[in-house]
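Working notes, beginning with the structure itself.
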Amino acid sequence: MPDLPAGSIIKALDTPPTASDAQSATVTTTSTSYTTSGTDCAVAWVAPTTGRVMIHTAARMLNSSATSGSLIAPETRTGGVIGAGIVVETPIDAIGASNYGTTFARSSADHVLSGLTPGATYNTRLLMRTSVGTDTASFALRELIVQPLT
């Protein structure tokens, strides 16, 4: 069901707990494709009755070049094993956060993922890339929050 109608009784199992992870260590990549780097910032979670969640992505980012970008975005898969399962949502620039330049800046992005199977387990992790392969993208204080929506 896409939305709960007005007057619906909401049960505890309708809205499972919010899942979150934060990684403070700085990681880097020179890949122009979304990839992992170091310890994953990731969570396993259960889809609510509505089949919709809000995914919050944030990190402090910088690049080795003033004109290149550091980009971070979530990837969501089926099942509870991080990085395993069928891809439900691929990491793309439009749903992630970015920073261009050589000064650390904290950027974040929120987006809604819908069409999930209520009660099913999923896993989400943050993947990173640089906009130019000869430049190094750095990421610190990565944060991922997956929150059930009504």
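This one's a predicted model, so the numbers in the text were calculated from it and none came from an experiment. Atom set for the values below is all heavy atoms of this structure, side chains included, hydrogens, waters and symmetry mates excluded.
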Within-4.5 Å side-chain heavy-atom neighbours: E89 and H111: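 They are in contact (side-chain heavy atoms under 4.5 Å apart), so the answer is yes.
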Heavy-atom side-chain contact between T57 and I72 under 4.5 Å: yes
Distance-only donor-acceptor check, side chains T136 and N63, under 3.5 Å: no
Sole residue of D21, T124, V46, N123 in side chain to side chain contact (heavy atoms under 4.5 Å, CB included) with V146: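 Running side chain to side chain contact (heavy atoms under 4.5 Å, CB included) over D21, T124, V46, N123 with V146 returns exactly one hit, T124.
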Residue that, paired with P148, satisfies side chain to side chain contact (heavy atoms under 4.5 Å, CB included) out of T50, L116, T18, T49: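 Among the candidates, only T18 passes.
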Answer with yes or no whether the hydrophobic clustering places [X] together with [Y]; edges join I, L, V, M, F, W, Y residues whose side-chain heavy atoms lie under 4.5 Å apart.
| X | Y | result |
| --- | --- | --- |
| L141 | I145 | no |
| V53 | V88 | yes |
| I55 | V43 | yes |
| L144 | F139 | yes |

Sidechain N-carboxylate O distance under 4.0 Å for E143, R60: no
Is a side-chain N or O of [X] found less than 3.5 angstrom from the main chain of [Y], in a donor-acceptor match?
| X | Y | result |
| --- | --- | --- |
| R52 | T150 | yes |
| R129 | A73 | no |
| S131 | G69 | yes |
| S70 | L62 | yes |

Which atom pairs, donor and acceptor, lie under 3.5 Å between side-chain atoms of residues 94-102 and protein residues at least two apart or in another chain?
residue: N99; atom: ND2; partner: M61; partner atom: O; Å: 2.6
residue: N99; atom: ND2; partner: T103; partner atom: O; Å: 3.1

Contact list for residues 24-41, test side chain to side chain donor-acceptor pair (under 3.5 Å), sequence neighbours left out: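 For residues 24-41: Y34-D93.
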ring-ring contact (aromatic ring centres under 6.0 Å, His included) against Y122, all qualifying residues, sequence neighbours excluded: W45
